[in-house]
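Note that this is a predicted model, so its numbers are computed, not measured.
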Amino acid sequence: MSDSVNTPRLSTNSSIYTEQRVARGKTILDRNLNKTRGAEVSLSAQSFLFSEMLQYTQKRVNGIQDLERKLNEFGYRVGTRMLELLTWREKVAKRETRVLGVLYFIHNVVWRSLFGKQADSLEKSTENEDEYMISDNDPILTRYISVPKELSQLNCNAFVAGIVEACLDGYQFPARVTAHTVPIDGFPQRTTILIKLDKEVLQREELLK
């Protein structure tokens with residue numbers, strides 16, 4: 001009589017084969033991009049985050065120019081993602097091919113998405129054909145930033161200049177973008193974003209006339 005062999009049975013209730021579903025809350029990555037449209041971040045939270053980023057950067061640079069360059073780089077990274085999101089949300093069917101079209105987009109759509117309002121002015125330089133200026137009389141981002149006397153030449157809106165430069169690059173309008181404090185009566189913190197377009201942009205613009 002042969003010995004019987006006990007073959008182990010696989011139970012459907014075995015913990016090895018039982019799917020355990022772990023309930024988890026939705027993260028921001030699970031949300032529909034259109035449903036977050038219009039959602040506002042508190043000014044205090046935004047100011048705190050920017051202040052922390054500024055302090056972090058300040059400890060890792062040498063001089064004002066280096067600090068502004070790093071802020072510009074951070075802004076550029078934000079601008080690249082911002083342009084992609086806004087292009088999708090605004091259902092832009094075609095890419096802007098004219099300078100004024102892309103500048104109006106930044107002046108209106110980008111500014112409104114970032115700061116809840118459009119920029120205060122968009123001007124073309126009367127002296128240089130390749131220069132345009134977007135001005136904000138009361139820049140929200142730096143409203144509560146206190147700059148020490150030894151850094152009085154620092155303009156923290158170099159971060160915003162980086163965002164603008166990324167948007168222009170994304171639309172194939174390469175330019176050098178910088179931020180400058182240009183105070184006027186009633187608006188001591190008025191900031192102008194100076195856009196200096198590359199020569200190739202002007203040449204292309206001339207062909208499209």
(request) Flag yes if Val160 and Leu151 sit in one hydrophobic cluster, no otherwise; membership is Ile, Leu, Val, Met, Phe, Trp, Tyr, and two members link when side-chain heavy atoms are under 4.5 Å apart. (result)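 Val160 and Leu151: one cluster.
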Find out whether [X] and [Y] are in side-chain contact, i.e. whether some heavy atom of one side chain is under 4.5 Å from a heavy atom of the other.
X	Y	answer
Met82	Leu114	yes
Ile195	Ile134	yes
Ser135	Thr191	no
Arg190	Ser121	yes
Leu54	Cys156	yes

To the closest 0.5 Å, what do you measure between [atom1] ([X]) and [atom2] ([Y])?
X	Y	atom1	atom2	value
Asp66	Gln58	CG	CD	11.5 Å
Gln153	Thr181	CD	OG1	9.0 Å
Arg77	Ile163	CZ	CD1	12.5 Å
Ile106	Ser113	CD1	OG	12.0 Å
Asn155	Gln189	CG	CD	8.5 Å
Glu206	Glu129	CD	CD	8.0 Å

Contact list for [range], test salt bridge (charged side-chain N to carboxylate O under 4.0 Å, His left out), sequence neighbours left out:
range	answer
residues 98-113	Arg98-Glu205
residues 133-147	Lys117-Asp136, Asp138-Arg143
residues 158-180	none

Any side-chain to backbone donor/acceptor pair from [X] onto [Y]? Under 3.5 Å, distance only.
X	Y	answer
Thr142	Ile140	no
Asn72	Glu68	no
Ser125	Glu127	yes
Asp198	Glu200	no

(request) Determine the minimum heavy-atom distance between Pro188 and Pro183, stating which atoms define it. (result)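 For Pro188 versus Pro183, the nearest heavy atoms are O-CB, 3.4 Å.
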(request) Over all heavy atoms of both residues, which pair between Ala179 and Ala161 is shortest? Give the atoms and the distance, please. (result)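 Minimum heavy-atom contact is N-CB, 4.1 Å.
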(request) Please check if atom CD in Glu150 has more than 12 non-hydrogen atoms from other residues, nucleotides or ligands closer than 6.0 Å. (result)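 For Glu150, atom CD is crowded (more than 12 foreign heavy atoms under 6.0 Å).
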(message) Can you tell me if Glu52 has over 12 outside heavy atoms packed within less than 6.0 Å of its CD?
(response)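 More than 12 within 6.0 Å, yes.
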Any residue meeting side-chain hydrogen bond (donor to acceptor under 3.5 Å, both in side chains) with [X], in chain and number order, not counting sequence neighbours:
X	answer
Asn128	Glu131
Gln203	none
Ser51	Gln55
Thr57	none

Not counting sequence neighbours, list each pair that qualifies as a ring pair (Phe, Tyr, Trp, His ring centres under 6.0 Å) and has a residue in [range].
range	value
residues 107-129	Trp111-Phe115
residues 56-81	none
residues 174-209	none

(message) Using the side-chain contact (heavy atoms from CB on, under 4.5 Å) definition, which of the options Val177, Asn157, Thr178 pairs with Val164?
(response)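 Of all the options given, the one that passes is Val177.
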(message) If you apply the rule side chain to side chain contact (heavy atoms under 4.5 Å, CB included), what do you find for Lys70 with Arg60, and how did you get there?
(response) CA-CA 9 Å; Lys70 291 298 287 187; Arg60 291 163 173 78; over 6 Å; no
(request) Taking side chain to side chain contact (heavy atoms under 4.5 Å, CB included) as the test, write out the residues that go with Leu100, two or more places apart. (result)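 Leu100: side chain to side chain contact (heavy atoms under 4.5 Å, CB included) contacts with Tyr104, Tyr132.
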(message) Once ring pair (Phe, Tyr, Trp, His ring centres under 6.0 Å) is applied, do any residues pair with Phe159, and if so which ones, sequence neighbours excluded?
(response) Phe50
(message) So that I can tick it off, tell me whether Arg69 and Glu73 are bridged by a salt bridge, with the cut-off set at under 4.0 angstrom between side-chain N and carboxylate O.
(response)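 A salt bridge links Glu73 with Arg69.
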(request) Would you confirm whether the ring centroid of Phe105 sits within less than 6.0 angstrom of the ring centroid of Tyr171? (result)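 That pair passes the under 6.0 Å test.
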